[in-house]
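First up is the structure itself, then whatever we jot down about it.
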Amino acid sequence: MYVYADNAATTKLRPEALEAFVRTAEEYYGNPSSLHTAGQRAKEELNRCRERVAAALGGTAREIVFTSGGSESDNQAILSAAYFGARKGKRKIVSTAIEHHAVLHTLEKLKKEGFEIVLLPVGERGIVSAADAEREIDDDTCLVSVMLANNEIGTIQPVKEIGAICRARKVPFHTDAVQAVGHMPVNVKELNCDYLALSAHKFGGPRGVGALYVRTGTPLKNLIEGGAQENGRRAGTENLPAIAAMTVALETSLSRLPAYTKRVSALRDELIDNLSKIPHCALNGDREARLPGNVSFCFEGIEGESLLLLLDEEGICASSGSACTSGSLDPSHVLLAIGRVHDVAHGSLRLTLGEDTTEEDVAYLSEKIPRVVEYLRNMSPVWRDLKEGKRTYIL
Amino acid sequence: MSLYSEKVMDHFKHPRNVGVIENADGVGEVGNAKCGDIMKIYLKIDGDIISDVKFETFGCGSAIASSSMATELIKGKPLSEALTLTNKAVAEALDGLPAYKMHCSVLAEEAIKAAIKDYYEKNGIEYDRELFKESSCAHCEDHE
């Protein structure tokens, strides 16, 4: 049996998106910047895609910039707000402790350039408080950046509320919606955001393409210079086949969203119930306010990388926030932020279900994971110490 | 997965000498849970020979494979020979480890030395302290 449960890492390309990719590559081979017919046909197709993506998000075509993906979109939004903020003497950025590294590393870079970075705590539930955000916003604040849904623990953040506060205070607001788009309703107007980042491969589109929503009137600075593409906001010949495939993947996801949410949330809840029966484990992140497909646990007494390798042997593709899976010394900053100590954060497992996940898959995961956890615990000196009372259980 | 050599995966999936020796003559434990790996080695010693060895490991795939390989390399060997086992030899016997996983082989070497030291101390046997340097994991206590 083979179970792909790593949809937060990347999703399988949708057949409709693949078909759009191939068709666009064949039919619209012209360069949209060329004046001839082939170029203009490609430009028209590009504009149609832009309109469709904008409509799917509740924005207008001019507010959409196609990029290489979520990381680039996050970088461009944050660096733009910082750059324009600094010109007005504003050098404070408010964000959260659980952002993706595309945001956190960009903020670290800005910190070295003299910006004040405030990372709000998220508490045990893994959800930032809008009141905390409001308290931190002051006259020096040039940007607030809060992700819509977390990539590791799937928790959904009060973006709408924080966006409303920012709008009232006239502070630019960015949301990293990479994990959310295609998995929950996302409307830029309702979210009150000025920037929004998305990535195609998280909802069945191809890798290497994404978009940045920039609300009309919000300043944007180029990361890539060299041409007038994307209304002068991102140089480089447009990756039209990928953009068309992303457009189709987005529309397909949205058309299936109600059914997807209902079915996959039920599978997620069943899997959470089943894995919760494993002794000395804990669900990471709020049980209710989480993405339909996200299941994240810490298991005491074992280490995540060995768990992943053994699950892979059983045909299960999953992920972990263990230090050993990242090559660093520290486990996931998200798990540490929700209060998991190093000892148990190393034993984390993330399963992200998707549109293809079946009832049989959940049954298989529910059968195999407890066995593999038990097998690893039986060779763990930490587990022995816990059993023998020489160490105290944390979970 | 191609992250590891076939040999690492073999020792990880089918670890040799997993378990505990009751009333072991020497026990060594190194690493800490905070860093994500702990190795514990149990020795049974007859005369000067390691007649049996078992291990328990909390850690990643290469930590488990390194423990398994290290126990194989010292089983049936005299203590003097086990003391010369280097982390490099463990890694080489596994057909190599990724650079950032080399510390797993260091832990295996240190766990064996810690178990032998424990045996010497329990039995009041004189030994060369130079052979037993401080664990490379001591620094882990500092990071939080």
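Here is how names work: the chains are called A, B, and so on, in the same order as the sequence lines, proteins then strands, and each is numbered from 1.
Around the NZ atom of B:Lys88, the shell of radius 6.0 Å holds no more than 12 heavy atoms that belong to other residues, nucleotides or ligands. Dense packing is recorded around CD of A:Glu113, with more than 12 heavy atoms of other residues, nucleotides or ligands lying under 6.0 Å away. More than 12 heavy-atom neighbours from other residues, nucleotides or ligands sit within 6.0 angstrom of CD on A:Glu367. Within a 6.0 Å sphere centred on CD of A:Glu124, other residues, nucleotides and ligands contribute 12 heavy atoms or fewer. In the displayed structure, A:Arg125 atom CZ is contacted under 6.0 Å by at most 12 heavy atoms of other residues, nucleotides or ligands. Other residues, nucleotides and ligands place more than 12 heavy atoms under 6.0 Å from the NZ atom of A:Lys368. Around the CZ atom of A:Arg391, the shell of radius 6.0 Å holds more than 12 heavy atoms that belong to other residues, nucleotides or ligands.
Separation of atoms CG (A:Leu310) and CZ (B:Phe12) is listed at 3.5 Å; rounding is to 0.5 Å. Between atom CD1 of residue B:Ile38 and atom CG of residue A:Asp343 there is a gap of 8.0 Å, rounded to the nearest 0.5 Å. Considering CG of A:Asp385 and CD of B:Glu29, their distance stands at 6.0 Å, rounded to 0.5 Å.
Remark: side-chain polar atoms of A:Ser306 are paired, donor with acceptor, to backbone N or O of B:Gly59 under 3.5 angstrom. Counting only distance, with no hydrogens or angles, the side chain of A:His342 and the backbone of B:Cys35 share no donor-acceptor pair below 3.5 Å.
Between chain A and the residues B:Pro15, B:Cys60, B:Gly61, the most heavy-atom pairs under 4.5 angstrom are made by B:Cys60.
For the pair B:Phe58 and A:Leu376, the minimum side-chain heavy-atom distance is 4.5 Å or more. At least one side-chain heavy atom of A:Glu313 sits under 4.5 Å from a side-chain heavy atom of B:Met9.
Contact annotation for B:Ser67: neither backbone nor side-chain heavy atoms come within less than 4.5 Å of a heavy atom of chain A. Of the two parts of A:Arg384, only the side chain, counted from C-beta on, holds a non-hydrogen atom closer than 4.5 Å to a non-hydrogen atom of chain B.
Taking the charged nitrogens against the carboxylate oxygens, B:Lys101 and A:Glu305 do have a contact shorter than 4.0 Å, which makes a salt bridge.
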### Message
Quick one, B:Lys40 with A:Val382, criterion side-chain contact (heavy atoms from CB on, under 4.5 Å). Give me CA distance, side-chain angles, the key distance, then yes/no.
### Response
CA-CA 10 Å; B:Lys40 196 166 183 179; A:Val382 175; over 6 Å; no
### Task
Quick one: do A:Glu303 and B:Asp37 satisfy side-chain contact (heavy atoms from CB on, under 4.5 Å)? Show the steps, please.
CA-CA 8 Å; A:Glu303 192 282 327; B:Asp37 34 31; over 6 Å; no
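In terms of the ring-ring contact (aromatic ring centres under 6.0 Å, His included) criterion, residue partners of A:Phe299 (sequence neighbours excluded) are, by chain and number, A:Phe297.
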